[in-house]
Amino acid sequence: AVEQQGRPRDADPLHAEAYQIWCTVAGPRSLLAAGGLANYGTTRMQLGDAAGARAAFTDALAVRRQLLPPQHLFIATSLVNLAAADYAEGNLDAAETGMREAAEIRRSILSMSHPDTLLVYDNLALIRSSRGDGKGAVALTREVVSGFEKSLGSDHPKTLSTSVRLARRLQETGESNESNYICARV
């Protein structure tokens, strides 16, 4: 709740304390402790400590891989978290690898048209764009927009915000006519 109020500095010691409690109650290699680590890592990311977040996310992922089947949504979530920390540190190879694995897990469990799966693919498009692969980023973003239109409708905020990203990426790749068309629609 403190995090949601925009006070990650206040949440940070609380997440650290909660993690210690989960370790005492359920053990350090428990799903509860892994969840506590993930929460702590999220707070570290909000505070700009990508290295601290990556350490927490790496440990949470290791516990979840040990206790859960390989195709589990908690593993996919841990992979997304870890990829975000890698991206923040500029490690695009690791970020893309983790995000791809998360996308495959979510796609196999939820479907390609599920909004949570589409968000991971949108993150992959961001990574491609950051690598200078504008055309690849545009192609993925097109798929994401299409998926959001089918699953959420064309007027949903996620569809609209992704459409704006598509227009911006089209502009960056020199496709200004289509970019202008999308901007006029949104």
Side-chain angles (χ1 to χ4, degrees), residues 1-131 140 144 147 151-152 157-158 161-162:
V2 176
E3 262 176 302
Q4 293 169 346
Q5 295 172 7
R7 298 173 22 214
R9 287 205 189 312
D10 294 338
D12 190 53
L14 298 175
H15 284 306
E17 183 180 352
Y19 169 67
Q20 291 305 318
I21 291 169
W22 287 126
C23 286
T24 301
V25 172
R29 306 305 286 172
S30 68
L31 289 176
L32 294 170
L37 270 173
N39 290 338
Y40 178 71
T42 299
T43 303
R44 297 310 311 160
M45 281 292 286
Q46 291 173 342
L47 292 171
D49 178 14
R54 187 171 37 74
F57 293 147
T58 298
D59 290 347
L61 176 60
V63 171
R64 287 173 170 170
R65 283 196 194 274
Q66 182 181 22
L67 299 174
L68 297 170
Q71 296 289 308
H72 196 284
L73 288 176
F74 282 175
I75 291 174
T77 299
S78 287
L79 287 163
V80 168
N81 290 340
L82 182 55
D86 287 330
Y87 181 84
E89 290 187 307
N91 188 345
L92 299 181
D93 289 338
E96 185 169 359
T97 299
M99 206 62 77
R100 281 187 184 286
E101 186 178 350
E104 289 306 311
I105 292 170
R106 286 199 176 163
R107 191 171 57 92
S108 71
I109 295 171
L110 300 174
S111 83
M112 182 60 196
S113 62
H114 192 282
D116 289 346
T117 304
L118 293 167
L119 287 173
V120 176
Y121 279 95
D122 195 35
N123 288 335
L124 274 170
L126 171 66
I127 293 167
R128 282 197 180 169
S129 180
S130 296
R131 293 182 148 213
L140 266 177
V144 173
S151 64
L152 301 174
K158 286 185 181 177
S161 63
T162 308

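Atoms considered below: every heavy atom in the structure, side chains included; atoms not considered: hydrogens, waters and symmetry mates.
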Is any side-chain heavy atom of Glu96 closer than 4.5 Å to a side-chain heavy atom of Arg131? yes
Listed by chain and number, what are the side chain to side chain contact (heavy atoms under 4.5 Å, CB included) partners of Pro28, not counting sequence neighbours? Cys23
Do Leu37 and His15 have side-chain heavy atoms sitting under 4.5 Å apart? no
Heavy atoms, side chains only, cut-off 4.5 Å: are Leu119 and Val80 in contact? no
With sequence neighbours excluded, what pairs up with Arg107 under the salt bridge (charged side-chain N to carboxylate O under 4.0 Å, His left out) test? Glu104
Sequence neighbours excluded, the answer for side chain to side chain donor-acceptor pair (under 3.5 Å) partners of Thr97 is none
Residues that Arg29 engages under side chain to side chain contact (heavy atoms under 4.5 Å, CB included), provided they are two or more places apart: Ala62, Val63, Gln66
Set of side chain to side chain donor-acceptor pair (under 3.5 Å) partners for Asn123, sequence neighbours left out: none
Ser30: what forms a side chain to side chain donor-acceptor pair (under 3.5 Å) with it, not counting sequence neighbours? none
Here the salt bridge (charged side-chain N to carboxylate O under 4.0 Å, His left out) pairs for residues 112-122, sequence neighbours left out, are Asp122-Arg165, Asp122-Arg169
Sequence neighbours left out, what pairs pass salt bridge (charged side-chain N to carboxylate O under 4.0 Å, His left out) with at least one residue falling in residues 73-84? none
Go through the structure and list residues passing side chain to side chain contact (heavy atoms under 4.5 Å, CB included) with Leu31, not counting sequence neighbours. Arg64, Leu67, Leu68
Is there a donor-acceptor pair under 3.5 Å between the side chain of Thr117 and the backbone N or O of Ser113? no
State, yes or no, whether a side-chain contact exists between Leu126 and Ser130 at a heavy-atom distance under 4.5 Å. yes
Does any part of the side chain of Met45, heavy atoms only, come nearer than 4.5 Å to the side chain of Phe57, both counted from C-beta? yes
pair Leu118-Met112: side-chain heavy atoms closer than 4.5 Å: yes
Residues in side chain to side chain contact (heavy atoms under 4.5 Å, CB included) with Arg65, at least two apart? Leu61, Ile75, Leu79, Glu101
Can you sort out the partners of Asp86 under salt bridge (charged side-chain N to carboxylate O under 4.0 Å, His left out), two or more places apart, ordered by chain and number? Arg54
Keeping the roles fixed (side chain from Thr43, backbone from Ala11), state whether a donor-acceptor pair exists under 3.5 Å. no
Filter on ring pair (Phe, Tyr, Trp, His ring centres under 6.0 Å), then keep only pairs touching residues 66-101, sequence neighbours left out; what's left? His72-Phe74
